[in-house]
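For reference, the structure is listed below as structure tokens.
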Amino acid sequence: MSTQLKSLLNPEQYEAATNLEGPLLIIAGAGSGKTRVITYRITEMLNQGINQSSILALTFTNKAAREMAGRVKELVGRKLPQLTVSTFHSFGVQILKKHITLLGWRENFSIYDTNDQRSLIKECARELKWSLEYLDFGHCMSTFSRIKTRRSKWSDPEIDDSLQPLYEEYQSHRKLYNALDFDDLIRLPIDLFQQHPQVLEEYRKRYKYIMVDEFQDTSIQQYEMMKLLADGSRNICVVGDDDQSIYSWRGANFDNIRNFERDFPELREIKLEQNYRSTGTILDAANHLIKNNKNRKIKALWTGGDGGKPIELYQPQDERAEARFICDMIQTLNLKEQIHYHDISILIRTNALARGIEEELMARNLPYRITGGTSFFERPEVKDMISYLRCLANPDDDISLLRIMNTPRRGIGKKTLEHMTELAQSQGMSLYGAMQALVLANDSPIGKRARADIEDFLELISEFRPKLLSGKDLAQSLRALIAKIDYWGHLVGEHPNNERVAKFKLRNVELFTSSLEQWEKDPDNLSPSVFNYLNRITLAGKDDDDSEEGKVNLMTIHSAKGLEFDVVFIAGVEENIIPHQRSLEENDAGSYEENMEEERRLFYVALTRAKMKLYLTSCQQRKVMRDLMSMTMSPFIEEIPEKLIDIKEPDTEISEEEAHNYFELMKKKFAAVEE
DNA sequence: GAAGAGTAGATTTTT
DNA sequence: TCTACTCTTC
């Protein structure tokens with residue numbers, strides 16, 4: 001195998017793939033065959049007789065995890081059920097699923113996403129009788145996150161310590177509801193390892209070989225977790241590229257590369273600098289751009305390939321012209337150069353930019369796939385279903401309970417809720433607990449009718465809870481539940497004059513149910529419990545339609561990391577978009593200069609996704625929220641040498657007046673002919 | 001307790 | 001433009 005491997009990899013790649021023992025730092029430039037090295041490295045381990053269950057590969061996104069697992073399977077040619085390839089967050093859930101009771105939590109915990117978190121903060125603020133008007137949730141959540149991940153303390157000068165009571169309230173509510181937020185998924189396993197060394201020992205014994213991909217984007221917490229696990233065997237391999245660090249706003253810290261060098265001084269370092277992906281032109285442009293960043297490891301990415309075509313920059317009139325241009329180009333490329341749709345990608349800085357482009361793609365019947373953005377799972381009707389499932393799994397989950405308690409309307413209104421909240425607050429129980437107490441109480445403060453309504457609701461929960469917890473026929477049970485609560489009737493009632501909307505929503509509910517069914521019937525799925533399903537969808541979102549080939553990819557630059565395409569369009573290459581205006585504001589993630597460097601890295605990531613051809617578009621005008629803004633080209637364009645980029649003249653559009661005059665002229669001409 | 005009208009605010013990136 | 005929340009009325 002090893003000789004064969006030698007012919008498949010270049011010397012540095014070979015080194016990286018075959019050095020299995022001891023700490024290893026791989027600095028892998030864009031397109032240097034990083035994924036290839038990792039997958040071959042895992043294969044090499046298996047070939048050397050290392051047990052698949054001893055291998056742990058941690059990635060940053062679910063997409064990366066899926067892809068890595070898929071490629072290894074393909075290389076090895078068999079299924080590897082004991083191999084752990086997972087994101088940090090999912091791995092955290094896995095650990096907590098087994099051991100969370102040691103930390104004083106109950107099983108079947110809920111995981112709160114950003115929206116749930118927001119609702120909970122709102123709830124807490126209400127309870128503290130704070131005015132919601134001036135409460136900035138973004139600020140709250142980022143502060144809470146800093147405190148929780150111990151990046152900051154309340155006494156730190158940059159921290160708004162007036163939020164501390166709210167934080168305490170938030171924390172105690174989560175405990176009461178048995179609900180974890182994303183930060184907990186990393187933080188609690190660390191606590192567990194520190195408080196229960198025997199558990200840590202168990203994991204160290206199992207995972208003898210650890211690999212971390214996209215290491216430049218790990219947070220201090222994730223690094224800590226990784227270090228705890230690796231400190232037994234010290235067979236730890238991290239792969240990263242400081243030039244592609246684009247998540248500092250989420251606590252990613254590329255100082256981790258330095259920390260790694262400090263904590264594992266015996267490490268071996270390998271640099272992969274040959275780029276196999278892009279043409280010379282693209283690489284040259286990217287290198288010139290990134291050179292402007294001061295805070296980076298020196299690297300010289302080179303390619304043996306030829307120059308390739310110049311980068312083209314177009315300046316359409318506005319975002320609609322931009323969408324039309326991109327679609328025209330895609331159709332031409334597909335027709336004349338036989339480029340497959342799935343080898344083309346349109347990259348955008350913000351999700352909001354997707355809409356206009358999506359509309360045009362749709363109008364032309366161009367098949368496309370959109371990654372990220374407002375997820376299917378955030379649609380109100382789907383969220384209802386999720387909340388039902390969550391409540392059945394964990395009735396103490398107040399945030400979900402609040403959502404479904406009166407959806408469809410069952411007479412549990414504001415007044416009743418007030419009573420329940422009061423009771424729950426004074427007794428330190430969840431709303432569900434309060435409901436049970438109210439029904440049992442003799443001197444109940446609520447009316448007979450409301451009491452009967454609550455009873456009905458509790459009955460519903462106790463009827464379906466065992467069905468859902470049985471782990472069998474989940475979709476079937478959910479369908480029964482939907483019928484029982486007459487959700488269709490509810491939808492029709494909500495949209496009295498619009499059956500189409502109601503039907504659309506019902507279709508989404510059905511889509512959701514069948515996605516659950518598919519997941520549960522998947523033979524590779526070893527434990528199809530509601531709990532696992534819920535975790536999966538909050539952590540991973542909708543199943544990517546990876547199977548659906550032949551579609552143009554539309555996504556943010558962030559979600560394009562790690563991917564490559566023959567042709568890449570970058571839309572909205574304008575000042576205030578790339579770099580993004582709000583990202584530059586000095587904030588707790590960094591200074592203006594640091595943020596500018598991160599935006600530059602982001603643009604670098606975007607450029608280096610392209611293999612053959614890059615098109616950039618910079619609109620002259622753009623509709624931002626309601627008003628039309630005049631736009632200028634991104635300052636990053638100037639950092640790319642002129643000879644590499646072909647800047648087209650701005651498109652001129654016929655103004656309405658000119659068009660009018662033209663038609664008048666034509667009319668006269670025709671009139672003249674008729675005479 | 002429910003429904004409808006009216007109003008204010010919102011778009012940076014993801015687990 | 002759209003959504004989420006508040007206020008008013010039935």
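Quick note on labels: first sequence line is chain A, next is B, and so on, each numbered from 1.
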Round to the nearest Å and state the distance from A:H419 atom NE2 to B:dG1 atom P.
8 Å
Could you state the CE-P distance from A:M555 to B:dT12, rounded to the nearest angstrom?
21 Å
Whole-Å distance separating the CD1 atom of A:I578 from the P atom of B:dT12:
15 Å
Out of A:R150, A:R151, A:R187, A:K148, which one pairs with A:Q221 under the side-chain hydrogen bond (donor to acceptor under 3.5 Å, both in side chains) rule?
A:R187
Hey, could you give me each pair passing salt bridge (Lys or Arg N to Asp or Glu O under 4.0 Å) that has a residue in residues 352-361 of chain A? Not counting sequence neighbours.
A:E360-A:R364
The side chain to side chain donor-acceptor pair (under 3.5 Å) partners of A:K505 (sequence neighbours excluded) come to none
Ionic contact status for A:E214 with A:K34, cut-off 4.0 Å
yes
With sugar-phosphate meaning primed atoms plus P, OP1 and OP2, does A:F88 contact a base, only sugar-phosphate, or nothing at under 4.0 Å between heavy atoms?
nothing
Please check if the side chain of A:N394 supplies one atom and the backbone of A:R390 the other of a donor-acceptor pair under 3.5 Å.
no
Could you pick out which residue, A:A352 or A:H89, lies toward the 5' side of DNA chain B when each is mapped onto its nearest nucleotide?
A:A352
Sorted by chain and number, sequence neighbours left out, side-chain contact (heavy atoms from CB on, under 4.5 Å) with A:D398 holds for A:Y177, A:S430, A:L431
Using a heavy-atom cut-off of under 4.0 Å over every strand shown, decide if A:K561 touches base, sugar-phosphate, or nothing.
nothing
Name the nucleic acid region contacted by A:N406, choosing base, sugar-phosphate or nothing; use a 4.0 angstrom heavy-atom cut-off, strictly under.
sugar-phosphate
At under 4.0 Å, does any side-chain N or O of A:N351 touch on OP1 or OP2 of B:dT14?
yes
Could you state the CE-P distance from A:M405 to B:dG1, rounded to the nearest angstrom?
11 Å
Whole-Å distance, A:H558 NE2 to B:dT13 C1', equals 4 Å
Can you measure A:K415 atom NZ to B:dG1 atom P for me and round it to whole angstrom units?
7 Å
Distance-only donor-acceptor test, A:R349 side-chain atoms vs B:dT13 base atoms, 3.5 Å
yes
Is the shortest side-chain N to carboxylate O distance from A:D241 to A:K561 below 4.0 Å?
no
Rounded distance (Å) that lies between atom P of B:dT13 and atom CG of A:L353:
9 Å
Hey, does the side-chain of A:T114 have a donor or acceptor N/O within less than 3.5 Å of a partner on the base of B:dT15?
yes
Proximity to the side chain of A:T556 - top-ranked nucleotide from B:dT15, B:dT13, B:dG1:
B:dT13
If you look at every strand shown and take non-hydrogen atoms under 4.0 Å, does A:H580 touch a base, only sugar-phosphate, or nothing?
sugar-phosphate
Holding to salt bridge (Lys or Arg N to Asp or Glu O under 4.0 Å), I want the full list of residues that pass it with A:R296, two or more places apart in sequence or in another chain.
A:D243
Nearest to the side chain of A:T87, which nucleotide is it out of B:dT14, B:dT15, B:dG1?
B:dT15
Distance-only donor-acceptor test (3.5 Å): side chain A:R582, base B:dT12
no
Between CD1 of A:I257 and OG of A:S245, what distance do you get to the nearest 0.5 Å?
8.0 Å
Can A:W249 be classed as stacking with the base of B:dT12, given a centroid separation cut-off of 5.5 Å and a plane angle cut-off of 30°?
no
A:F636 and A:F603 aromatic ring geometry - parallel, tilted or perpendicular at 30°/60° bounds:
parallel
A:R174 charged N/C atom sitting above A:Y170 aromatic ring, 6.0 Å / 45°
yes
Check every strand shown and say whether A:T350 touches a base, only sugar-phosphate, or nothing at a heavy-atom separation below 4.0 Å.
sugar-phosphate
Covered region of DNA chain C, 5' end to 3' end, by chain A [heavy atoms, under 4.0 Å]:
C:dT1 to C:dC5
Return the polar atom pairs (N/O with N/O) between nucleotides 3-9 of chain B and the protein under 3.5 Å, or none.
unit_1 : atom_1 : unit_2 : atom_2 : d
B:dA3  : OP2    : A:R409 : NE     : 2.1
B:dA3  : OP2    : A:R409 : NH2    : 2.9

Value in whole Å for how far the P atom of B:dT15 lies from CD of A:Q117
15 Å
